[in-house]
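Here is the structure we will look at, set down as structure tokens.
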Amino acid sequence: MEYKLKDTSSKTAFNYGYLLDKIFPYIKPVMGRALLNLVIAIPLGLLDGVVALSLKPYLDFVVNGTPEQTWTFLGYTVHLQSWLAFVIPFGIVGFALFQGLLKYASNYLTDWTGNKVSNSLKIDLFKKLTKLDPQFYDVNTSGIVLSRFFTDPETASKNIINTLKSFIASLFGLLGLVAVLLYNSWQLAIIGVVVMGIAITPVTLIRKRIKKVSNATMVVTGNMTTNFNETFSGNKVMAAYNLQNIQDEKFEKQIQEQFDLAMSLTKRVGWMSPIMYFVCSIGIALVMAYGNHLILTGTMSAGSFASFVTSLLLLYKPTKTLGNDLANLQTTFVAMSRVFELFDLEPKITSGTKNLNGLNSSIEFKHVNFEYEEGIPVLKDFNLKVNKNETIALVGNSGGGKSTVVSLIPRFYDVTSGALEIDGINLRDFDLESLRNNISFVFQDNFMFSGTIRENILLGNKNASEDDLEHVIKMAHLDEFLDSLEDGIDTELGERGTTLSGGQRQRVAIARAMIKDAPIVILDEATSALDNESEAIVQKALDNLIKNKTVFVIAHRLSTISNADRIAVIQDGKLTELGTHEELMQNEKGFYKKLYEMQFKTQETVKL
């Protein structure tokens, strides 16, 4: 299955057996309550016919009856008129109370089972999301991901129980009222049932339209969510460049698209209700005309006719509800189809079986080629061997492939061809968790999770002792900063660590990398966004981090680069120069010497 969720559609939306088979394991743990809920829906629907049924004896024996009419029961003589005049009204109230209690129990069970199924689905989908490769996040917006992984499970799981319950209640309500029709007059019942059957037929014609609009609405909703996320995360850029109007216009356009989709569905589905009204009115007219004939010929009593017409009028509600339930059920199946498409997503980066226990000799790129998109090479026949405890700096033109090189080491992406080896073993053969446990990262913009500074540092090693924590705080030059905070290391961070300065975030990230104590360290532009003062402190922390480690550095500071054991110059995906600072400076026509003379000699800091 393609990683790009926007391009996927609900291919299995009409394969009901497949979808029910998929959802069953999530319903199975709550099957007892789910079945009880569906069983309760049966009397809940049947009780709709009680009022209509009670009209026949009420009109025939109470309104049109006489006091002389009696009924003998267990030796007692009961005057039907007075007895029914008392029993029927109170009986209707009792049935209404009973129906109300059943509705409460049903609604509670619906919410309980629906939320349980929804939560189980969301947990499994979140586990799937966390195991997908970085490429998945490259090609999908946050809005689409949120819609597909959060909103669809809600629709699929909660609605399936609720819609099935409503469907059963409506079905048995319809059957109960049809039974009342047959009881009063089988001739009129045939007319009524045929008309209702004709009225509900159009529901079967809208399945594909619902699927199409549901998929399109998912995309638009995802785009709207992305717009919200971008407005929130990029608020400073938006303010700095006066982008408010552009964001407003984009959102208004998305709202209009959502409105057009809703109205498109209404135009194609909304006509069902008036048609059902019209067809049902024809049925009622035919029943009244023929019923009048039956009354005049003495074939049917007035009470039976009143009960019949009331049942027929009440029959419209479950018939319409049944139609809506079928439409809602289709919407649910569309969402369910999209949910189980997500479960079919498989990480393209698969784990090997060998454990990596530290670096013994070297990391080697052998004739590596790499493409993010097919046909657009990023690395071309790239060869590089880095020995244990060696620090190598990667420099070159922007977009030349430096960050790609370091992204291949933890297998964020896999090489297109060639091989990347650690100690002579292909990276693909290593257990993925084991491989990444041996690598520490410090990026240019290090992500801070919600929580405290302590929690963010311990993400590097949750089993670290308090002494380990104090040691890395000192080595990362965080102690003075933490002492200035009222809650110290237990200070809560804002979302993404926005309450910290750039230098402070970098030092927390360095402490996180230190406490992991991995043998391989990757520094990707770790100081490029800092001012001179902040960089000086962070550089001291980095020096402590990389002691006795194998280090890959993408940097822009001359001091960092020149102190590396070797420097690799990467241009347009190729390794063009390799050596120490002194060796590369001796190459008069070399790219590195040209960069140094043009930029480093005149500026203390330049981004390479």
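Just so you know, these numbers use all the heavy atoms, side chains as well, and skip hydrogens, waters and symmetry mates. Keep in mind the model is a prediction, meaning the values are calculated, not measured.
Residues Asp133 and Tyr413 fail the side-chain proximity criterion, which asks for heavy atoms closer than 4.5 Å. Contact annotation: the side chain of Gln506 approaches that of Val442 to within less than 4.5 Å [non-hydrogen atoms, C-beta and beyond]. A 4.5 Å side-chain heavy-atom check between Asp429 and Thr353 finds every atom pair outside the cut-off. Within the 4.5 Å cutoff, the side chain of Lys589 has heavy atoms near those of the Asn587 side chain. Side-chain contact between Asp21 and Phe340: absent, with no pair of heavy atoms (C-beta onward) separated by less than 4.5 Å. A heavy-atom distance below 4.5 Å is not found between the side chains of Phe443 and Ile554. Contact check for Val368 versus Asn383: no side-chain heavy atoms found under the 4.5 Å cut-off. Considering only heavy atoms from C-beta on, Val386 comes within 4.5 Å of Leu384 through its side chain.
To the nearest 0.5 Å, the span separating CD1 on Ile160 from OG1 on Thr332 amounts to 6.0 Å. Taken from OG in Ser465 to NE2 in His471, the straight-line distance is 10.5 Å, to the nearest 0.5 Å. To the nearest 0.5 Å, atoms CD1 (Ile510) and CG (Leu542) are separated by 4.0 Å. One finds the CD1 atom of Ile422 at 10.5 Å from the CG atom of Asn360 (value rounded to the nearest 0.5 Å). Expressed to the nearest 0.5 Å, how far CD1 of Ile522 lies from CD1 of Ile546 amounts to 13.5 Å. A distance of 12.0 Å separates CZ in Arg505 from CD1 in Ile453, rounded to the nearest 0.5 Å.
Heavy atoms only, all atoms of each residue included: Leu132 and Tyr137 are closest at O-CE1, 3.9 Å. What you find for Val378 and Gly401 is that their closest heavy atoms are CG1-CA, 4.3 Å. Closest heavy-atom contact between Ala568 and Leu575: CB-CD1, 3.7 Å. In terms of heavy atoms, Arg512 sits closest to Phe449 at NH1-CD1, 4.5 Å. Taking both residues in full, the closest heavy atoms of Ser362 and Lys385 are given as OG-CE, 3.4 Å, listed atom of the first, atom of the second, then distance. In terms of heavy-atom proximity, Ala513 sits nearest to Phe441 at CB-O, 4.0 Å.
If you look at Tyr18 and Phe333, their ring centroids are not closer than 6.0 Å. In this structure, Tyr26 has its ring center at least 6.0 angstrom away from the ring center of Phe24. Separation of the Tyr592 and His581 ring centroids falls under the 6.0 Å cut-off.
No more than 12 heavy-atom neighbours from other residues, nucleotides or ligands sit within 6.0 angstrom of CZ on Phe150. By the neighbour-count criterion of 12 heavy atoms within 6.0 Å, atom NZ of Lys516 is densely surrounded, having more than that number from other residues, nucleotides or ligands. Counting heavy-atom neighbours within 6.0 Å of Lys128 NZ, excluding the residue itself, gives a total above 12. Around the CZ atom of Phe126, the shell of radius 6.0 Å holds no more than 12 heavy atoms that belong to other residues, nucleotides or ligands.
Using a distance-only test at 3.5 Å, with no hydrogens or angles considered, a donor-acceptor pair links the side chain of Glu390 to the main chain of Asn387. Using a distance-only test at 3.5 Å, with no hydrogens or angles considered, no donor-acceptor pair links the side chain of Asp414 to the main chain of Ile349. Side-chain atoms of Ser351 come within 3.5 Å of backbone atoms of Leu432 as a donor-acceptor pair (strictly under, hydrogens ignored). When atom types are taken as modelled, the side chain of Thr576 and the backbone of Val569 share a donor-acceptor pair closer than 3.5 angstrom. Under the 3.5 Å distance criterion, the side-chain polar atoms of Asn369 are left unmatched by any main-chain donor or acceptor of Ser417. Distance alone, capped at 3.5 Å, places no donor-acceptor pair between the Ser434 side chain and the Asn355 backbone. Judged by distance alone, the side chain of Arg436 and the main-chain N or O of Pro410 form a donor-acceptor pair under 3.5 Å. Checking side-chain atoms of Arg428 against main-chain N and O of Ala419 turns up no donor-acceptor pair under 3.5 Å. Proximity of a side-chain donor or acceptor of Ser118 to a complementary backbone N or O of Gly114 within less than 3.5 Å is not detected. Checked by atom type and distance alone, the side chain of Arg507 pairs as donor or acceptor with a backbone atom of His477 at under 3.5 Å.
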Next item on the list: Please lay out, stage by stage, how Val145 and Phe136 fare under the test side chain to side chain contact (heavy atoms under 4.5 Å, CB included).
Entry: CA-CA 10 Å; Val145 170; Phe136 171 82; 4.0 Å; yes

Next item on the list: Please lay out, stage by stage, how Ile392 and Asp565 fare under the test side chain to side chain contact (heavy atoms under 4.5 Å, CB included).
Entry: CA-CA 6 Å; Ile392 189 156; Asp565 296 312; over 6 Å; no

Note to self: Quick one, Val406 with Leu394, criterion side chain to side chain contact (heavy atoms under 4.5 Å, CB included). Give me CA distance, side-chain angles, the key distance, then yes/no.
What the structure shows: CA-CA 9 Å; Val406 297; Leu394 306 179; 3.8 Å; yes

Item checked: Chi angles and distances behind the side chain to side chain contact (heavy atoms under 4.5 Å, CB included) call for Val117, Val30 -> CA-CA 8 Å; Val117 174; Val30 298; 3.8 Å; yes

Check: Would Thr416 and Glu371 count as a side chain to side chain donor-acceptor pair (under 3.5 Å) if you check the C-alpha gap in whole Å, the side-chain angles of each, and the deciding distance to 0.1 Å?
Finding: CA-CA 6 Å; Thr416 305; Glu371 301 172 349; 4.9 Å; no

Next item on the list: Step by step, work out the side chain to side chain donor-acceptor pair (under 3.5 Å) result for Asp517 and Asn461.
Entry: CA-CA 9 Å; Asp517 195 27; Asn461 180 6; over 6 Å; no

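In summary, Arg338 and Asp152 engage in a salt bridge, as defined by a charged side-chain N under 4.0 Å from a carboxylate O. A salt bridge is absent between Asp479 and Lys474; no separation between the charged side-chain nitrogens and carboxylate oxygens falls under 4.0 Å. Between Glu154 and Lys122, at least one side-chain N (NZ, or NE/NH1/NH2) sits under 4.0 Å from a carboxylate O, which counts as a salt bridge. Taking 4.0 Å as the cut-off between side-chain N and carboxylate O, Glu577 and Lys593 do not count as a salt-bridged pair.
Results of the side chain to side chain donor-acceptor pair (under 3.5 Å) test with Arg454 over Asp490, Asp487, Thr491 single out Asp490 as the only residue that passes. The only option from Ile515, Asp468, Val508, Leu482 that meets the side chain to side chain contact (heavy atoms under 4.5 Å, CB included) definition with Ile473 turns out to be Leu482. A side chain to side chain contact (heavy atoms under 4.5 Å, CB included) with Ile570 is found for exactly one of Asn397, Leu578, Thr404, Val405, namely Val405.
Classification of the Tyr372-Phe370 ring pair by plane angle, with boundaries at 30° and 60°, yields perpendicular.
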